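Have a look at the structure below before the remarks.
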Amino acid sequence: MMNKKNVILSLAALMLLAGVGWAMGLLGGEDPKVAEAKHLREQLSQDRDKMTESERRASYENLREKTRDLTDEQRRAVWEGGRQDMIQRVDQLLSMPKAERDKELDEWIERSEQRRKEWAANGDQGPRGDRGADATPAERAQRSKQRLDRSTPEMRAKMDALKDIMNQRREERGLDPVKGPRGMFGGGGGR
């Protein structure tokens with residue numbers, strides 16, 4: 001009788017420990033902090049175009065705050081979904097008929113130009129401000145290498161194709177071309 005009771009108590013304790021371990025992300029489940037940050041990034045991705053500049057900044061700052069204490073690997077996991085979302089958006093855009101694609105590009109360009117004007121009016125340098133401005137050339141080169149390592153040749157080719165059609169449309173509208181992805185989506189760099 002005592003043996004059966006000990007076995008049942010031991011199993012119950014083991015199940016409780018397994019549940020706690022799973023909840024804390026220790027047993028194959030996703031870390032709750034990573035899951036929360038991913039959820040915030042997904043919401044921001046979905047709602048970004050509906051937000052005002054100040055709402056967008058506050059949301060990005062909240063996301064940065066949530067990812068600040070994560071490991072590099074956890075941060076990459078959070079942002080990987082954003083890269084996949086962008087690739088999907090680019091694929092959709094590249095497969096559209098020209099008239100539909102031009103309409104979509106015009107919307108992207110309008111949002112980009114609006115953000116650029118807002119930043120200029122506030123004396124800002126874009127969504128990231130001057131973060132990284134104090135980086136040494138070696139640190140900038142290292143970050144550039146890390147970004148390259150996280151991308152694939154296919155992803156880079158798609159982004160180049162997007163840049164080409166974006167610049168073609170900007171030229172048709174009498175606007176200066178952009179040099180990089182931040183310029184395509186309203187960022188301060190790349191122009």
Side-chain angles (χ1 to χ4, degrees), residues 30-70 72 74-96 99-133 135 143 146-147 150-151 155 158-170 172-191:
E30 188 169 52
D31 183 310
K33 290 179 181 179
V34 172
E36 180 183 13
K38 280 184 177 181
H39 176 72
L40 288 172
R41 186 207 39 83
E42 289 165 3
Q43 282 300 120
L44 182 56
S45 179
Q46 290 172 4
D47 300 338
R48 166 182 55 234
D49 296 334
K50 301 173 200 151
M51 296 176 164
T52 65
E53 180 61 25
S54 61
E55 290 170 334
R56 218 177 358 264
R57 281 179 184 259
S59 294
Y60 274 114
E61 184 55 40
N62 184 28
L63 183 55
R64 272 192 294 277
E65 190 61 38
K66 295 288 183 189
T67 59
R68 185 163 286 145
D69 294 332
L70 298 179
D72 288 344
Q74 288 172 318
R75 250 186 250 106
R76 275 192 293 276
V78 169
W79 290 107
E80 179 57 31
R83 281 189 286 279
Q84 294 306 319
D85 291 347
M86 177 52 67
I87 290 170
Q88 187 176 28
R89 287 177 74 188
V90 170
D91 285 342
Q92 289 171 346
L93 186 73
L94 294 174
S95 67
M96 290 177 180
E100 190 178 337
R101 183 177 63 217
D102 284 350
K103 182 180 179 205
E104 183 75 15
L105 286 171
D106 287 342
E107 291 174 12
W108 286 17
I109 291 168
E110 290 302 320
R111 285 192 301 267
S112 171
E113 291 301 307
Q114 180 61 39
R115 287 183 196 131
R116 195 172 277 113
K117 287 175 187 173
E118 290 171 1
W119 295 328
N122 293 328
D124 291 343
Q125 297 179 17
R128 298 174 181 161
D130 64 354
R131 195 175 56 175
R143 278 198 299 264
Q146 288 170 343
R147 278 191 303 274
R150 286 192 303 263
S151 68
M155 181 177 164
K158 287 179 183 183
M159 293 307 288
D160 283 345
L162 174 61
K163 183 181 70 173
D164 290 345
I165 64 169
M166 178 72 77
N167 281 336
Q168 179 183 355
R169 187 63 185 158
R170 289 180 67 86
E172 291 169 1
R173 295 183 58 180
L175 297 169
D176 291 334
V178 295
K179 295 179 183 175
R182 284 188 62 207
M184 288 190 290
F185 306 109
R191 275 188 59 151

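Count residues from 1 along the sequence. Please read all numbers here as calculations on a predicted model, not as lab measurements.
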Contacts of type side-chain contact (heavy atoms from CB on, under 4.5 Å), residue [X], not counting sequence neighbours:
{"X": "D72", "result": "R75, R76"}
{"X": "I165", "result": "L93, L94, R101, L105, L162"}
{"X": "S59", "result": "L44, M51"}
{"X": "E172", "result": "K98, D102, Q168, R169"}

>> Between N167 and P177 (side chain of the first, backbone of the second, donor and acceptor by atom type, cut-off under 3.5 Å), is there such a pair?
In response: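 No.
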
> Do side-chain atoms of T67 reach the backbone of L63 as a donor and acceptor pair under 3.5 angstrom?
Replying inline: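 The answer is yes, because a donor-acceptor pair under 3.5 Å joins these two groups.
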
> Do you know which two heavy atoms are closest between K50 and E55, and how far apart they sit?
Replying inline: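 Shortest heavy-atom contact: O-OE1, 4.4 Å.
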
> Between A37 and L70, what is the shortest heavy-atom contact and its length?
Replying inline: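 Taking A37 first and L70 second, the nearest heavy atoms are CB-CD1, 4.5 Å.
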
Non-neighbouring partners of [X] that pass salt bridge (Lys or Arg N to Asp or Glu O under 4.0 Å), sequence neighbours left out:
{"X": "E65", "answer": "R68"}
{"X": "R173", "answer": "D106, E110"}
{"X": "E36", "answer": "K66"}
{"X": "K38", "answer": "E30"}

Using side-chain hydrogen bond (donor to acceptor under 3.5 Å, both in side chains) as the criterion, list what pairs up with [X], not counting sequence neighbours.
{"X": "Q114", "result": "E118"}
{"X": "S95", "result": "none"}
{"X": "Q43", "result": "D47"}
{"X": "E61", "result": "R64"}

Is there side-chain contact between [X] and [Y], with heavy atoms separated by less than 4.5 Å?
{"X": "Q74", "Y": "V78", "result": "no"}
{"X": "Q146", "Y": "R143", "result": "yes"}
{"X": "R89", "Y": "W108", "result": "yes"}

>> Under 4.0 Å between a side-chain nitrogen and a carboxylate oxygen: does that hold for K33 and D69?
In response: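 Looking at K33 and D69, the cut-off is not met.
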
Nearest-0.5 Å distance, [atom1] of residue [X] to [atom2] of residue [Y]:
{"X": "M159", "Y": "S151", "atom1": "CE", "atom2": "OG", "result": "10.0 Å"}
{"X": "Q92", "Y": "E100", "atom1": "CD", "atom2": "CD", "result": "10.0 Å"}
{"X": "R116", "Y": "I109", "atom1": "CZ", "atom2": "CD1", "result": "10.0 Å"}

